[in-house]
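Reviewing the structure listed below.
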Amino acid sequence: MAVIAQKCPHIQVNVVDINAQRISEWNEPDTNNIPIYEPGLSAIVAEARGRNLHFSTAIDKAIDQADMIFISVNTSTKTYGVGKGMAADLKYIERCARQIAEVAKDDKIVVEKSTLPVRTAQAIKNILDNTGNGVNFQVLSNPEFLAEGTAVADLENPDRVLIGGDIDTEQGREAIQALVEIYAHWIAQERILTTNVWSSELSKLTANAFLAQRVSSINAMSELCEHTGANVNEVAKAIGMDSRIGPKFLKASVGFGGSCFQKDILNLVYIAKSYGLNEVANYWEQVILMNDHQKHRFARNIVKTLYNTVSEKKITFLGWAFKKDTNDTRESAAIYVADDLLDEQAQIAVFDPKVRPQQMYNDLNYLNTRTEEQNETGLTSYQDPYEACKDAHAIAVLTEWDEFNTYDWQRIYDNMHKPAFVFDGRGILNKNKLEEIGFIMYVIGS
Ligand code: UDX
């Protein structure tokens with residue numbers, strides 16, 4: 001919404017939420033303190049906020065005034081009832097649809113921005129039409145393909161924008177066109193795709209499934225590389241030069257995280273199962289199983305290498321976020337690796353340049369695998385990487401923050417227990433340099 005407001009100064013953009021605390025954080029006078037860390041975002045908010053970008057809790061008023069409403073609520077995996085652990089939880093979507101229906105006194109275009117199961121637009125349309133005030137609603141699907149950490153660049157220059165709508169009716173086509181015109185302010189027409197609404201909904205799940213599948217594929221190869229003496233980076237380079245495969249998204253890692261990949265694949269699996277398509281469901285579920293395996297395997301390897309016991313040993317995590325340049329930790333591999341090592345009674349020390357300590361505890365507590373007190377005793381967060389690494393038996397790199405390569409590794413080595421181990425789960429450190437210093441290096445996939 002911030003980017004739309006920046007690119008279209010003539011459009012008034014109101015961002016509303018029931019969470020007053022969150023809204024007040026977005027209204028922080030110093031835009032460097034907005035609640036999401038994303039390169040370039042605070043400058044955009046600084047430019048547009050107060051002009052045509054507004055954050056408030058006045059939801060009904062905003063609905064009443066709007067011509068177009070983007071529903072952007074979370075659709076996390078259900079934690080209860082039918083589809084528990086797989087299906088998307090649509091309760092917030094339904095609440096939004098009901099509130100829009102109740103308040104709207106004139107025609108509205110309602111845009112699904114949240115990632116949703118196929119055919120949700122139909123459910124939204126039913127609620128709007130059957131509980132509304134007799135006004136006309138058009139429902140569009142406009143999935144978001146940005147990646148965190150590069151969100152602003154992805155929004156400014158997207159590979160494509162996808163808009164699904166009711167292409168069979170005049171009103172549907174007009175609604176699609178209204179949204180096309182917004183994006184056309186900065187995106188070339190040929191990059192704006194229009195489809196029927198179900199294709200649009202399914203394309204988002206499919207894109208994430210394919211991307212995650214690439215990571216699981218290269219991670220599967222990383223384990224094979226470790227056993228055969230091949231190097232996964234060399235393999236990735238060799239296959240990536242095949243133009244049919246392409247070089248991107250072939251970086252072996254300790255496992256993918258983030259709010260989307262796992263949730264969307266589980267959702268896809270659930271949808272396939274609900275149509276009785278068990279082979280399709282099992283095929284995609286394997287991407288998740290491989291990812292879980294990679295995280296556990298990394299933790300097991302640390303224990304095994306440290307002479308089969310990490311009990312009371314300090315193990316330092318460099319990075320807690322699910323990838324660099326974000327403070328988002330959702331589904332981060334670090335959480336699961338920490339959980340496994342805490343089971344082995346390790347003392348976990350964490351340094352992450354952007355993640356707050358409380359977030360780390362929240363992430364662990366959410367797993368419900370031990371008490372909050374046990375998590376607080378087991379994990380300590382540091383503000384300084386050198387302090388975090390002091391007296392550690394091993395360092396594990398969980399996030400690929402660039403700054404890790406700029407550290408004084410000699411100083412880190414001098415202050416660690418010997419032998420000093422580094423488990424590079426991201427393949428970002430200079431292995432030769434660190435080995436020269438004296439570290440014993442494990443690099444994922446080599
Ligand atoms: C993803 C999709 O890329 C984006 O299009 C969609 O809108 C939302 O989901 P995001 O989760 O923000 O975006 O990050 P992404 O860059 O895709 O990375 C996801 C995870 O995969 C991260 O943990 C990342 O470290 C990992 N990854 C990615 C790898 O391990 N190796 C790779 O080669 C690429």
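Counting starts at 1 for both ligands and their atoms, following the listed order.
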- Identify the protein heavy atom lying closest to atom 17 (O) of ligand 1, giving its residue, its atom name and the separation to 0.1 Å. Phe249 CZ, 3.1 Å
- Task: Report the nearest protein non-hydrogen atom to atom 3 (O) of ligand 1: residue, atom name, distance rounded to 0.1 Å.
- Result: Leu211 CD1, 3.8 Å
- Item | Nearest non-hydrogen protein atom, atom 30 (O) of ligand 1 | Ser253 OG, 2.6 Å
- Query: Do any nitrogen or oxygen atoms of Ser259 lie less than 3.5 angstrom from nitrogen or oxygen atoms of ligand 1?
  - Reply: no
- Message: So for ligand 1, is Gly258 a polar contact partner (N or O within less than 3.5 Å, distance only)?
- Response: no
- atom 21 (O) of ligand 1 sits nearest the protein heavy atom Phe256 CB, 3.2 Å
- Item | Salt-bridge present (Lys204, Glu112; N to O < 4.0 Å) | no
- Query: Looking at ligand 1, does any of its N/O atoms fall within less than 3.5 Å of an N/O of Phe261?
  - Reply: no
- Query: How far is atom 12 (O) of ligand 1 from its nearest protein heavy atom, and which residue and atom name does that atom have?
  - Reply: Glu148 N, 2.7 Å
- Note on the structure: shortest atom 15 (P) of ligand 1-to-protein heavy-atom contact is with Lys323 NZ, 3.6 Å
- Query: Are Asn19 and Asp17 close enough that a side-chain donor and a side-chain acceptor fall under 3.5 Å?
  - Reply: no
- Report yes if Gly257 has an N/O atom closer than 3.5 Å to an N/O atom of ligand 1; otherwise report no. yes
- Task: Considering only non-hydrogen protein atoms, determine which one is nearest to atom 24 (C) of ligand 1 and report residue, atom name and distance to 0.1 Å.
- Result: Arg426 NH1, 4.0 Å
- Message: Does any N or O of ligand 1 fall below 3.5 Å from an N or O anywhere on Phe145, backbone included?
- Response: yes
- Relative to ligand 1, is Cys260 under 4.0 angstrom through side chain, backbone, both or neither, heavy atoms considered? side chain
- Message: Just to confirm my output: which protein heavy-atom neighbour is closest to atom 32 (C) of ligand 1, and how far is it?
- Response: Lys251 O, 3.6 Å
- Quick one: are the ring centres of Tyr386 and Tyr407 less than 6.0 Å apart? yes
- Would you say Lys324 touches ligand 1, if touching means a heavy atom closer than 4.0 Å? no
- Of the backbone atoms (N, CA, C, O) and the side-chain heavy atoms from C-beta on, which set of Asn208 has a member under 4.0 Å from an atom of ligand 1: side chain, backbone, both, or neither? side chain
- Do Arg160's NZ or CZ and the ring of Phe145 fall within the cation-pi criteria of under 6.0 Å and 45°? yes
- Message: Checking Asn430 against Trp409: is there a side-chain donor and acceptor pair closer than 3.5 Å?
- Response: no
- Message: With a 4.0 Å cut-off on heavy atoms, is Lys204 in contact with ligand 1?
- Response: yes
